[in-house]
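In this text the structure is predicted, and so the values were computed from the model without any measurement. In what follows, every chain begins at residue 1, and chains take the letters A, B, ... in the order their sequences are listed.
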Amino acid sequence: MSDHVTSPRATSLRDAAGQTTFTKADFQSDQETRWCPGCGDYAILSAVQGVFPELGIAPENVVFVTGIGCAGRFSYYMDTYGMHGIHGRGPALATGLAAARDDLSIWIVSGDGDALSIGGNHLIHALRRNVPVKILLFNNQIYGLTKGQASPTSELGKITKSTPFGSIDGPFNPVSLALGAEASFVARTVDTDKQHLPAMLRAAAAHEGTALIEIYQNCPVFNDGAFDALRDKRQSGINAIRLEHGQPIAFGVEGAERGVVRDPGTGGVRVVDVADVGRENLLVHDAHTEDPSLAFALSRLSSVPTGPTPIGIFRSVQRPVSGRELGAELGANRAAVGTERLDALLHTGDTWTIA
Amino acid sequence: MSDHVTSPRATSLRDAAGQTTFTKADFQSDQETRWCPGCGDYAILSAVQGVFPELGIAPENVVFVTGIGCAGRFSYYMDTYGMHGIHGRGPALATGLAAARDDLSIWIVSGDGDALSIGGNHLIHALRRNVPVKILLFNNQIYGLTKGQASPTSELGKITKSTPFGSIDGPFNPVSLALGAEASFVARTVDTDKQHLPAMLRAAAAHEGTALIEIYQNCPVFNDGAFDALRDKRQSGINAIRLEHGQPIAFGVEGAERGVVRDPGTGGVRVVDVADVGRENLLVHDAHTEDPSLAFALSRLSSVPTGPTPIGIFRSVQRPVSGRELGAELGANRAAVGTERLDALLHTGDTWTIA
Amino acid sequence: MAVDDAPKSSPKSVEERERVIVRFAGDSGDGMQLAGSRFTDATAVLGNDLATLPDFPAEIRAPAGTVGGVSAFQIHFAARDILTPGDTPNVLVAMNPAALKANLPTLERGTTIIVNEDAFTVRGVQKAGYAVNPLEDGTLEPYQVKRVPMTSLVQRAVEGMEGVTSRDAQKAKNLFALGLVSWLYDRPVEVTERWIEGKFASKPHVMEANLAAFRAGWSFGETSELIDVQVRVAPATDVEPGTYRNVNGTQATALGLVAASVRSGLPLLLGAYPITPASELLHELSRHRDLGVRTIQAEDEIAAASIALGAAFGGHLGVTSTSGPGMDLKTETIGLAVMLELPMLIIDVQRAGPSTGLPTKTEQSDLLQALYGRHGESPLPVVAPSSPADAFDTVYEAARIAIIYRTPVIVLSDLYVANSSEPWKLPDASSLAPIEPGFRTQPPSEDAPFAPYARDDRLARPWAIPGTPGLTHRIGGLEKADGTGGISYDGDNHQRMTDLRAAKVAGVDVPDLEVSGDEDASLLILGWGSSCGAIRAGVRRVRQAGGRVAVAHLHHLNPLPANTGEVLRRYDRVLLPEMNSGQLSKVLRAEFLVDVEPYTKVKGQPLFAAEIEREILDRV
Amino acid sequence: MAVDDAPKSSPKSVEERERVIVRFAGDSGDGMQLAGSRFTDATAVLGNDLATLPDFPAEIRAPAGTVGGVSAFQIHFAARDILTPGDTPNVLVAMNPAALKANLPTLERGTTIIVNEDAFTVRGVQKAGYAVNPLEDGTLEPYQVKRVPMTSLVQRAVEGMEGVTSRDAQKAKNLFALGLVSWLYDRPVEVTERWIEGKFASKPHVMEANLAAFRAGWSFGETSELIDVQVRVAPATDVEPGTYRNVNGTQATALGLVAASVRSGLPLLLGAYPITPASELLHELSRHRDLGVRTIQAEDEIAAASIALGAAFGGHLGVTSTSGPGMDLKTETIGLAVMLELPMLIIDVQRAGPSTGLPTKTEQSDLLQALYGRHGESPLPVVAPSSPADAFDTVYEAARIAIIYRTPVIVLSDLYVANSSEPWKLPDASSLAPIEPGFRTQPPSEDAPFAPYARDDRLARPWAIPGTPGLTHRIGGLEKADGTGGISYDGDNHQRMTDLRAAKVAGVDVPDLEVSGDEDASLLILGWGSSCGAIRAGVRRVRQAGGRVAVAHLHHLNPLPANTGEVLRRYDRVLLPEMNSGQLSKVLRAEFLVDVEPYTKVKGQPLFAAEIEREILDRV
Ligand SMILES: Cc1ncc(C[n+]2csc(CCOP(=O)(O)OP(=O)(O)O)c2C)c(N)n1
Ligand SMILES: Cc1ncc(C[n+]2csc(CCOP(=O)(O)OP(=O)(O)O)c2C)c(N)n1
Ligand code: SF4
Ligand code: SF4
Ligand SMILES: [Mg+2]
Ligand SMILES: [Mg+2]
């Protein structure tokens with residue numbers, strides 16, 4: 001899978017309109033990839049490099065900010081500007097960059113430990129502020145780079161190097177957490193899904209505020225098969241609940257035997273056989289409603305993806321983007337500031353002169 | 001309000017059964033309280049000191065762990081064991097203490113900045129783990145001790161010392177955030193409500209895992225009146241939506257003109273006039289259902305309490321308490337460990353002897 | 001205005017003084033800071049040199065009337081240049097018993113004490129923790145006490161005024177005190193009256209009450225028998241010509257940052273998390289949106305530092321400010337900045353530690369942390385302001401170093417510098433040396449690919465910001481290959497890069513250490529940071545008394561001036577006063593093997609000229 | 001077993017050696033660590049003294065067959081006591097071309113290289129980055145190369161075996177190499193065979209394949225012409241009698257902590273967040289639940305430290321462990337522990353910095369951070385292990401100090417100590433000096449109320465844990481009133497408490513610094529931490545060659561032994577080798593004004609005996 005990653009830097013092309021267009025190769029750095037053979041990160045990297053040319057953003061206007069972890073290595077492989085920061089601080093570094101530069105397309109790549117363990121606070125605050133950045137959360141439910149300890153998304157009872165008798169803590173549901181933190185865009189997808197992952201990337205790129213995509217990513221070395229229920233062609237048909245705005249929520253091998261309805265009992269939603277309830281009674285997905293309650297309820301259908309699990313866009317709404325107007329205002333002010341303005345500032349308040 | 005706080009240490013009494021019983025005074029330290037006149041913290045302190053005797057826990061088996069802030073001073077005023085820690089780390093310090101000592105009743109007192117800004121990560125992880133501690137979150141929607149900067153619960157556009165042109169970030173909804181973090185017990189109440197606040201404290205004390213109570217607390221100096229909609233006798237009737245498990249959710253001056261129903265449109269819930277829908281169609285509150293979706297939907301009825309706002313227990317469910325069984329197991333193991341066991345450990349693996 | 005028709009040449013005797021120290025003290029609610037700063041402005045305009053120091057209560061709001069709730073403001077003004085806000089006051093204004101009790105211990109015999117008699121009620125006296133009224137029991141025998149019923153006098157002054165409540169009057173008594181002291185030292189009334197009129201323009205009755213109270217105080221001085229001499233302090237003569245303004249360290253720091261931003265063309269972005277005393281800088285800069293300044297209140301100090309660093313990567317002047325515990329939390333991010341070799345300013349307004357310590361007290365105890373408080377070998381430049389006004393030049397210099405050397409720089413300010421104030425000779429914006437960011441823009445060529453860690457003659461690396469075509473590159477916290485900046489686990493490369501990072505910082509151009517006083521004396525007093533004023537004042541006293549002593553002050557703590565060792569070795573003894581347990585002394589002893597003697601104090605207060613004088617006299 | 005029926009006295013010539021260094025190198029997947037550790041056990045049981053060092057690839061999983069993916073294990077064993085894992089090997093086992101390429105630069109002429117010929121395919125050679133096969137082009141001319149087709153020989157050995165796949169055979173080739181080298185040095189086969197049988201009991205076919213491979217390797221040595229001499233290294237004679245076990249620094253640290261827990265009666269609670277290389281300690285301790293050890297993987301290092309401190313407040317032995325960036329994040333909590341004066345252990349397994357640096361390389365560059373890396377004056381004791389086995393005594397001593405003085409203690413281990421191993425003479429549990437926590441339990445009386453900050457003659461405060469009736473009290477990070485522990489903003493009290501905290505740490509009882517070698521030499525070599533072995537080895541070589549030099553080693557970095565200054569002054573020159581840029585040298589120069597000369601290296605490797613020898617010879 002890594003072959004193309006080191007393919008030679010191609011020069012960008014001009015399309016008919018004389019508009020510069022870019023190729024996948026324009027986004028591939030010459031750095032040799034250093035992930036384990038078969039790592040899900042390769043598939044994600046390829047998908048991201050494949051989508052960027054469509055976005056029509058020049059590589060020099062793109063920045064990848066990453067934390068530490070296997071996922072964190074991502075920034076080295078994109079031939080864009082990149083900062084491989086410190087563990088968990090990606091969203092904070094990116095918040096500063098976004099505040100300084102609203103002309104850039106800023107992407108954060110983070111792991112489940114990086115984003116949800118040490119970096120949890122920065123993540124929820126970036127979501128609350130609705131900072132204009134895209135966050136790709138590579139969730140492999142394990143600590144990869146440090147060689148296999150439990151992460152905040154590891155399932156209860158998981159046996160790892162740090163939990164030889166099984167983890168005693170239950171996992172976060174990243175989608176629920178993000179919704180609880182006022183996220184304006186939350187989606188979930190799977191590393192190897194060649195249609196769905198790019199679709200989510202496009203949607204995130206189009207979103208105005210913070211866009212969080214949880215990407216189920218297989219770690220063949222320390223947590224192999226964690227996502228087989230969705231990655232494995234045979235199983236995914238049964239388990240992948242594909243959310244589409246405005247569509248009744250139905251899924252299954254033929255795409256529609258099962259569906260989701262509201263559960264008056266719990267106030268949540270549950271999976272039913274369409275045959276029992278009738279397609280017309282299925283819940284119709286609404287990703288754009290102000291109220292995140294429906295998206296939250298859908299997120300509770302699964303916490304670890306071993307059975308029916310929703311993928312797609314849970315929520316996508318517009319709300320004030322942190323510093324959007326401010327940025328423009330400040331830019332204008334700066335343009336006006338010269339030594340005269342500075343002198344004026346220095347002289348504010350009571351002054352006196354001594355001859 | 002502060003008069004009693006410095007009242008002389010009373011000696012605990014023995015009841016008929018010869019059982020030691022405690023008085024409010026047993027929980028009052030002789031440290032002079034240092035909050036501003038009229039601060040909501042006095043009312044909360046009084047309520048807490050008033051409830052403890054009912055719990056029948058001896059002061060020496062109670063620990064108050066606090067962060068930094070006006071709220072953080074709380075630990076000095078309880079005549080129990082106490083640790084005034086560092087900013088935002090209360091839940092982490094308490095997690096260590098709880099892991100070491102499952103025989104103690106551990107309470108954390110924190111402010112909206114302490115718990116949700118710098119301490120956000122520890123808070124959500126304590127909730128995820130379901131550590132056996134009670135967390136009292138004094139939410140005054142401002143930074144008090146540092147004299148008036150915006151907090152993560154300050155409303156959008158709020159003018160403070162650090163946001164002279166109005167805050168550009170929207171607030172967290174602490175209840176939503178906690179539910180997104182897998183909280184097993186979440187409640188909300190008001191500093192000056194002499195019935196409701198103690199009731200919430202009792203419920204929290206009785207809960208097995210982490211119990212979070214958001215307490216709306218007035219800061220007369222830097223954010224006066226933020227909670228008048230619920231504190232002011234005249235307004236509270238109209239605005240306080242009192243959640244009671246198993247009861248239809250109705251409220252109003254006469255206690256029932258308005259109510260809450262599901263909103264098929266948004267997937268959430270909304271406030272209606274009971275007259276329009278009929279009391280029998282009101283939503284019946286269920287705090288004990290596994291699925292947090294209903295509780296979450298209810299939390300979205302308000303984010304800043306300027307209108308109808310739910311108070312009471314949103315969620316209270318049982319799930320594995322962090323280290324509960326483990327604690328017992330470890331205790332037993334320790335009892336057995338002496339120098340023999342230690343010698344055995346040292347000699348594990350291949351050894352050889354040189355004469 | 002009222003006092004105009006009053007005989008300007010008052011019948012009372014007038015006495016000339018060279019310098020005076022006045023301390024306004026009262027309850028937090030009594031408006032002492034306002035009275036003090038108004039008096040300061042009038043004094044500045046009059047042309048005296050001056051230095052001031054507010055003294056806030058440690059408690060957010062201690063109960064009214066208690067000693068814990070006392071707020072004070074001290075001003076030292078003179079006919080010649082002033083170095084500190086002064087050790088102990090000549091005149092204490094005590095608005096209530098608690099204010100008297102809190103300040104009595106520091107007073108010298110014979111000090112004049114002006115008390116608001118009306119506040120010495122039984123309840124007031126008790127609240128302050130006095131058994132009996134100190135005005136009655138001879139406690140004040142050693143002092144010259146002036147009992148003034150301020151509250152009632154103000155009440156009378158506002159009587160019958162349109163819409164003025166007695167509460168307005170109550171709150172105006174600080175202006176009575178101000179008026180009285182203004183008369184006592186013959187300060188110009190216009191400055192104050194203009195300010196009152198402007199300030200309360202929207203609340204006419206409050207304005208009226210305040211004006212009345214101020215004038216009542218003035219006339220009281222003029223007419224009452226109680227105070228028989230008026231004191232004159234002539235304008236300072238030894239002051240450089242120029243336009244002046246009174247600034248405290250926080251304001252000067254903010255202005256210096258804005259100036260560096262304007263003169264470098266780099267937009268200023270501050271990432272900060274509130275903490276006492278550094279919060280004031282966040283508040284100050286937040287007001288300058290009109291100058292394009294962006295401030296972000298981060299979720300914590302880690303984020304605050306990271307926000308500044310992220311902005312720096314984007315080509316802004318990234319700044320983060322904090323105090324005490326906040327410094328601890330920025331450690332890791334500062335270390336990343338060292339590795340990324342990006343410009344960044346860290347402003348540490350030091351307070352008394354360790355841990356939460358004494359948040360409202362001053363100290364200089366973060367020096368070793370600034371120098372060594374990061375894992376691994378991670379050197380960076382450190383500078384410290386020597387006075388409130390000097391903070392402007394210091395942060396400007398810090399920005400210059402950070403930008404042209406591509407390095408984080410720590411500025412060690414402290415609570416004392418931040419809160420105290422002094423007149424500042426305004427620089428001419430265009431006279432400030434421009435700072436050249438020198439962004440890399442020209443695209444690399446086949447034979448010269450872009451090397452993000454190639455270095456110029458300053459050993460600084462190129463700064464190529466996102467958005468620049470052809471220069472896309474990746475940087476991070478892993479060790480870099482010399483030149484290319486690629487990840488390198490090579491041992492020799494690590495040695496080389498470690499040495500390069502050290503050499504770059506060691507090579508920062510720093511002016512030589514200047515010695516003044518008696519250069520040929522056998523004793524050198526060396527200082528750093530905010531202790532400069534007290535040291536120079538102490539030295540001045542010794543020399544005026546005929547003692548011989550040399551004095552020097554370090555503005556750069558890392559790297560040290562090239563001639564530092566040579567200077568130290570020139571003297572038989574070197575005395576180094578600092579508000580810690582001897583941190584700079586440690587550094588100098590290790591560096592130069594000179595037996596530097598620390599004089600240390602960690603009592604939450606600045607050093608006093610008298611202490612320095614005593615320490616010097618013990619040694620000459 | 002197979003080799004029993006083979007003639008035990010082999011026909012080949014036998015050669016005696018005093019010491020040998022063998023290095024097993026191959027791809028991460030080749031099981032070199034296993035081969036190395038099995039060889040180590042056999043060697044230990046034989047009674048040689050030894051020291052080992054694994055060398056893991058920096059990349060989590062570099063592509064198979066690349067140089068980046070090479071994993072190696074070096075063992076140094078001898079007939080006399082050993083001080084280091086050795087500089088360069090006498091025999092290199094290279095399982096593939098990459099392993100050869102990675103290690104060639106370090107080899108001396110004439111070194112024996114045993115290669116797995118089968119791995120030198122065209123693809124394999126290319127993957128390693130060789131243009132042509134190094135076995136063909138004379139690259140190896142300076143060495144004695146033994147080409148062994150290990151893979152095919154193993155295939156043949158397992159032919160026709162029940163259920164053994166060719167993949168099993170593939171994976172067993174490390175045991176062939178082990179067998180061959182075991183024969184070469186005549187190691188006892190039983191130890192290894194017993195281990196194989198135990199390890200793979202559940203997978204009979206894997207067990208069979210491994211046994212077969214091991215025996216095939218042995219017989220190949222015995223029979224093939226290729227290797228004509230068998231080398232014997234006699235059991236070490238100068239070893240103290242006693243029962244021994246081979247431990248690496250991580251294991252010794254874990255055991256020391258458990259021992260301190262048992263002998264103090266304080267349950268052990270570790271709060272940690274994974275980080276290389278400290279994670280291993282978390283893994284190790286997590287296995288000891290049966291001994292009542294509790295480990296918590298925290299959400300970050302701040303929480304990890306806070307968890308340890310919270311447990312300490314509850315009366316447990318609170319420990320937190322980390323490396324590099326993790327230390328930065330623990331700063332604030334450690335400062336709180338200083339203020340709370342509670343026992344707490346911070347284990348810093350140092351790695352190469354700054355920032356993320358080189359996570360898999362060793363360094364000693366956190367010393368100044370450990371000493372000074374907190375805001376305010378916040379002193380604490382610091383100790384460092386001098387070898388893997390010494391880590392046991394060091395953490396035990398650290399726990400003793402922490403508990404009886406009520407203070408956080410930092411243990412400065414490093415990656416080299418943590419991963420390398422040596423034989424350890426097992427102590428007798430009951431011979432370990434008990435540690436008395438001495439919890440305060442007696443309730444206070446009217447005339448003697450409980451004073452949480454009253455001090456004993458060690459200046460330690462009482463430790464009263466929650467649950468103790470009558471002793472309820474509150475502590476926190478604000479400055480404390482001397483004795484009562486109440487909040488105090490008093491300046492004199494702050495000075496007193498600052499001095500008390502310093503005096504307590506300065507007063508920790510530390511054994512004198514011992515000098516060995518030629519005590520009357522003019523040159524002293526002073527070391528600290530993991531460089532002990534290399535220093536002593538270097539000194540030994542110099543002295544064996546007739547040079548005169550004294551040597552001493554610091555186990556306590558704070559406080560320093562009382563006689564340190566006196567010792568330093570005794571010598572004309574003091575050389576201090578350390579894996580940083582001269583951090584301890586700075587401390588000693590400042591403290592004693594002695595011109596300590598640092599010899600520094602930051603190349604991610606431990607110091608080598610040869611370097612020390614050279615540096616000494618340059619000076620005598
Ligand atoms: C402050 C700090 N603490 C710990 C580490 C060690 N560390 C590096 S990556 C990582 C977690 C990796 O897990 P995850 O974030 O899930 O990423 P993955 O490797 O699984 O892609 C840890 C603990 C570090 N580099 N910095
Ligand atoms: C590490 C650190 N950063 C900042 C501070 C300063 N500080 C003390 S309390 C506080 C926030 C107070 O607000 P909140 O938590 O809402 O409590 P409140 O005072 O409103 O009760 C801050 C920023 C600190 N003590 N430590
Ligand atoms: S450890 Fe797991 S996540 Fe990391 S590179 Fe290897 S396979 Fe991928
Ligand atoms: S500042 Fe506000 S929260 Fe703090 S004590 Fe005063 S009133 Fe209470
Ligand atoms: Mg992961
Ligand atoms: Mg608050």
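Both the backbone and the side chain of C:Ala44 come within less than 4.5 Å of a heavy atom of chain A. Of the two parts of C:Leu269, only the side chain, counted from C-beta on, holds a non-hydrogen atom closer than 4.5 Å to a non-hydrogen atom of chain A. With a threshold of 4.5 angstrom between heavy atoms, A:His125 approaches chain C through side-chain atoms but not through N, CA, C or O. With a 4.5 Å cut-off on non-hydrogen atoms, C:Asn246 touches chain A through its backbone and its side chain both. Contact annotation for A:Leu104: only side-chain heavy atoms (C-beta onward) come within less than 4.5 Å of a heavy atom of chain C. With a threshold of 4.5 angstrom between heavy atoms, C:Asp300 approaches chain A through side-chain atoms but not through N, CA, C or O. With a threshold of 4.5 angstrom between heavy atoms, C:Val262 approaches chain A through side-chain atoms but not through N, CA, C or O. Of the two parts of A:Leu326, only the side chain, counted from C-beta on, holds a non-hydrogen atom closer than 4.5 Å to a non-hydrogen atom of chain C. Looking at C:Glu240, only its backbone comes within 4.5 Å of chain A, counting heavy atoms on both sides. Heavy atoms of A:Glu340 lying under 4.5 Å from chain C are absent altogether. Looking at C:Thr333, the atoms closer than 4.5 Å to chain A (heavy atoms on both sides) sit in the backbone and in the side chain alike.
Residues C:Ile296 and A:Ala99 come closest through the heavy atom pair CD1-CB, 3.5 Å. C:Leu478 and A:His84 get closest at one heavy-atom pair: CD1-CE1, 3.8 Å. Among all heavy-atom pairs drawn from C:Leu291 and A:Arg341, the shortest one is CD2-NH2, 3.8 Å. Heavy atoms only, all atoms of each residue included: C:Ser306 and A:Ala92 are closest at CB-CB, 3.6 Å.
Between A:Arg334 and C:Asp290, none of the side-chain N atoms (NZ, or NE/NH1/NH2) sits under 4.0 Å from a carboxylate O, so this pair counts as no salt bridge. In summary, C:Glu299 and A:Arg129 engage in a salt bridge, as defined by a charged side-chain N under 4.0 Å from a carboxylate O.
Side-chain atoms of C:Leu340 and A:Met83, non-hydrogen and from C-beta on, do get closer than 4.5 Å to each other. The shortest side-chain heavy-atom distance between A:Tyr76 and C:Ile487 falls under the 4.5 Å cut-off.
Judged by distance alone, the side chains of C:Thr243 and A:Thr353 do bring a donor and an acceptor atom under 3.5 Å apart.
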